[in-house]
Amino acid sequence: MSIPEKFLKPYDPQAVESDLYKLWQESGYFNPDKCIENGVCKTDAEPFSIIMPPPNANGSLHAGHALFVTLQDIMTRFARMQGKRTLWLPGADHAGFETQVVYEKKLAKEGRSRFQMTREELYKEIWDFTQENKSFMEGQIRQLGASCDWSRELFTLDDRVIKTVYGTFEQLAKDDLLYRGLRSINWCPKHQTGLSNLEVDYQERKDPFYYIKYGPFTIGTARPETKFGDKYIVMHPDDKRYGEYKHGDSVEVDWLNGKITATIIKDEAGDPEIGSGVMTITPWHSAIDWEIAQRHNLDYEQIIDERGKLLDIAGEFAGMPITEARPKIVEKLDKMGLLIKTDESYEHSVPVCYKCSREIEPQLKEQWFVKTQPLADKAKEAIESDKIKIITDEQKKVALHWLENIEDWNISRQITWGIPIPAKICTECKHGEVDIDDKITECPKCGGKVEQDPDTFDTWFSSGQWPFTTLGYPNNDDFKTYYPTSIMETGRDLVFFWVSRMIMLGLYRTGEVPFKTVFFHGMVNDAKGKKMSKSKGNVINPLDISEQYGTDALRMGLIVGNAPGSDLNLDIQKINAYKKFSNKLWNITRFILTETNGVDLSKTAITTDTDKQIIDNLNAIVEQVTKELNNYQYHLAADRIYHYAWHELADKILEESKSILHSSTSSEQEVDKTAKLSRQYTLYTILTTTLKLLHPFMPFITEEIWRSLPEKNEEGMLMVAKWPNS
RNA sequence: GGGCGCUUAGCUCAGUUGGUUAGAGCGACUCGUUUACACCGAGUAGGCCGGGGGUUCGAAUCCCUCAGCGCCCACCA
């Protein structure tokens, strides 16, 4: 008998990984039902569930995906080996606006535009596009070793998902937590849709700032093009400089289109500290101005259209885009003697679309809004009472702070790619009515004609319901078994977009928290700590690394030293270190297999004090690693096993073993034989135990070694072997 | 404007309720290729744990303060 030949060569991940994945998948053990069927876990075993954050089906996986797959796979494999009823449910996200933006870029490259296509054509094309990406992405997730249950995979546009989302929409309407109303929304003139506050970025800019004579007042603005319709002058009620003016007084003003009558409005929003303390308002194109107008029941008028061009009210400037019109308007103001001065060094931050960086133009639109405060209060309570435990404490504070300052949520999007909003809109009075079953034929308010709401839901409205839609709320057995899920593992950047919404909507719809724990990982940056981006050219493709260094090395490189919640600098040299570690394990195995070759290892016979001590140490490691895994300290556990395997097992124990195993010169043959046998058992025990500890982190090489062992004291795959101290 | 962090070896970072000579990877230097592995081994150098103050028998760890860096949220007439 001799040891397998493969150990005579360095470890070659590429030669084994895909076969191993196939083996796992064919075993069926990714599916907890199969585990029960085959006695790997019991029906009444403690359930453990993770819903995978569905990756966007509009591209390939990046380093952040590799991190979350690794973390969740560690959690899943650990739970499975502990005999828990373990489900990791995968999915893919249609990612509404995100995907439509990606697809529009693709169209632009081909010289096409969505505005030249019918909704149906566009929808069909994007559907095909996502399905193609989805299957490509699934292959990549497999390559990373994910032990998720593919038989339960869902797409965010599957019928079951849509049905549940519609149910929630209807319920919100019944509970008076939904309304449709004219509001100031963030409008992107390029993408032709409204965006939530979270989808707006701010950019620091330096622009000219104009001081303009407005009747007896001086007003300041960086945006003279919005001023055509301004006919209200707002000032703070306590501003003594303007004590002579009373609320509602009229003032004659020479303005852009001739003489107008403006009205004085006293409102707390007027800040005496800024400029002259006087401002005019443009309710249609400013959220703050709109609020003031609402408070005093003022008129409002649209000045700029959805494409960012001036309307007829702008007189000779009508039809011009803002950038072109602005200097010409300033010129006119100057000619009219209204321009007092220009400040060229005005620095301010302007709202821009987070996708295209085009300036956001606030517009008044009828949209569907969710009243979030009541939902947020319950979410807050769940977090504060630790019904949902958030890791880390810092992220917990961030989440609570946001929930305390939450605003109503605009869930309407003027895009094609998404779940249609099931509602009818009256063509006459603009009233909107929820209509899940497509039954309404006339406006319930005015009897007018109705048409289908052309808008779709904000993606986060549907993905905010993902934990219970995936599990089949309310009647599916999976829902009953696995909800609330054990842990939600996702990126720190999704705390507001997704996690907070899942907590709110989960509590609202099911009455229970959607998950008991939230684990936030940080962002994956390049080796120098810079954010990866295509334009910087510093993007590291995890799949390339996986092929070059082995998936196990990639996984270790992503985990070790990466404390929860903190960003990670992905250094290729670090991954190389774990590639070497893979090979080290390989050679440890080779040594131990060689030294125990032909020995019956079915019963342990550890007799010497030294060996008992070694086993005690090993058990201490097992305890510590288990504790760290239970405390979500994956970065410490991985490092501990690494350190033990290399610097304890290989450097010390193996070296010392050489003299025990090869003491041929001694006259004390009997004693030596016992000691030798004891050491052989010891080494073999350490090897099998270490493989188990390491399996969640480095599943491929450990499984590959495991299946080459002659004697395991337990049958089957390492993936479903019993965790050492469970 | 509000909130949250970070500052530890040349570089990138760990360090879990305060406890003996502060750790890892990479890098540097010296030595070593005798039968697990050169994708290796043995060893060395390198840190007033950002500055200052305080609590304590004891502080990288807790408190205050200063400096530098970063992230998030809100917003600007």
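Residue numbers begin at 1 in each chain, while the letters A, B, ... track the order of the sequences.
- Candidate nucleotides B:C26, B:A14, B:C4 were compared by shortest atom distance to the side chain of A:Ala563, and B:A14 ranks first.
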Which pairs of donor and acceptor atoms, one on a side chain in residues 554-569 of chain A, lie under 3.5 Å apart (sequence neighbours left out)?
residue: A:Arg555; atom: NE; partner: A:Phe697; partner atom: O; Å: 3.0
residue: A:Arg555; atom: NH1; partner: A:Asp73; partner atom: OD2; Å: 2.9
residue: A:Arg555; atom: NH1; partner: A:Leu144; partner atom: O; Å: 2.9
residue: A:Arg555; atom: NH2; partner: A:Asp73; partner atom: OD2; Å: 2.9
residue: A:Arg555; atom: NH2; partner: A:Pro696; partner atom: O; Å: 2.8
residue: A:Asn562; atom: ND2; partner: A:Leu558; partner atom: O; Å: 3.3
residue: A:Ser566; atom: OG; partner: A:Ala563; partner atom: O; Å: 2.8
residue: A:Asp567; atom: OD1; partner: A:Arg492; partner atom: NH1; Å: 3.0
residue: A:Asp567; atom: OD1; partner: A:Met523; partner atom: N; Å: 2.8

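- Taking atom CD1 on A:Ile588 and atom C1' on B:C40, their separation rounds to 12 Å, with Å as the unit.
- No side-chain N or O of A:Glu648 forms a donor-acceptor pair with one of A:His643 less than 3.5 Å apart.
- B:G46 sits 32 Å from B:A38 when the P atoms are compared, rounded to a whole Å.
- For A:Asn569, the side-chain atoms get nearest to B:C13 when compared with the rest of B:C13, B:C26, B:C40.
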Practice task
Go through A:Val398 and A:Glu394 one step at a time and tell me if the side-chain contact (heavy atoms from CB on, under 4.5 Å) criterion holds.
Solution key: CA-CA 6 Å; A:Val398 170; A:Glu394 287 67 41; 5.6 Å; no

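- Atom name P, nucleotides B:A67 and B:U56: the rounded distance is 28 Å, in whole Å.
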Could you pull out all donor-acceptor pairs under 3.5 Å where a side-chain atom in residues 216-224 of chain A meets a protein atom, sequence neighbours excluded?
residue: A:Thr221; atom: OG1; partner: A:Arg223; partner atom: N; Å: 2.8
residue: A:Arg223; atom: NE; partner: A:Glu225; partner atom: OE2; Å: 3.0
residue: A:Arg223; atom: NH1; partner: A:Glu361; partner atom: OE2; Å: 3.4
residue: A:Arg223; atom: NH2; partner: A:Glu225; partner atom: OE2; Å: 3.3
residue: A:Arg223; atom: NH2; partner: A:Glu361; partner atom: OE1; Å: 2.7

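- For residues 552-576 of chain A, the set of pairs meeting the ring pair (Phe, Tyr, Trp, His ring centres under 6.0 Å) definition, not counting sequence neighbours, is empty.
- Among residues two or more places apart in sequence or in another chain, the side-chain contact (heavy atoms from CB on, under 4.5 Å) test is passed with A:Ser357 by A:Gln203.
- Atom NZ in A:Lys579 sits about 13 Å away from atom C1' in B:C37, given to the nearest Å.
- Between A:Pro10 and A:Ala269, the one whose closest nucleotide on RNA chain B sits nearer the 5' end is A:Pro10.
- Between A:Tyr642 and A:Glu628, the residue whose closest nucleotide on RNA chain B is further toward the 5' end is A:Glu628.
- At B:A36, one or more side-chain N or O atoms of A:Lys658 fall inside 4.0 Å of OP1 or OP2 (strictly under the cut-off).
- Here the side chain of A:Leu636 is nearest to one of B:C26, B:A14, B:G5, namely B:A14.
- Under 3.5 Å, the side chain of A:Lys574 and the base of B:C26 form no donor-acceptor pair of N or O atoms.
- Nearest to the side-chain atoms of A:Asn587 among the listed nucleotides B:A36, B:C26, B:C4 stands B:A36.
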Exercise for the section: I would like to know whether A:Gln680 and A:Tyr684 meet side-chain contact (heavy atoms from CB on, under 4.5 Å); could you show each step before the answer? Expected result: CA-CA 6 Å; A:Gln680 285 168 324; A:Tyr684 202 74; over 6 Å; no

Please tabulate the protein-to-nucleotide N/O contacts below 3.5 Å involving nucleotides 71-75 of chain B, giving atom names and distances.
residue: B:C75; atom: N3; partner: A:Ser349; partner atom: OG; Å: 3.4
residue: B:C75; atom: N4; partner: A:Ser349; partner atom: OG; Å: 3.1

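- Residues A:Lys6 and A:Tyr11 fail the side-chain proximity criterion, which asks for heavy atoms closer than 4.5 Å.
- Counting only Watson-Crick and G-U wobble pairs whose two distances sit under 3.5 Å, RNA chain B takes part in these stems of three or more pairs: B:1-7 with B:67-73, B:10-13 with B:23-26, B:28-32 with B:40-44, B:50-54 with B:62-66.
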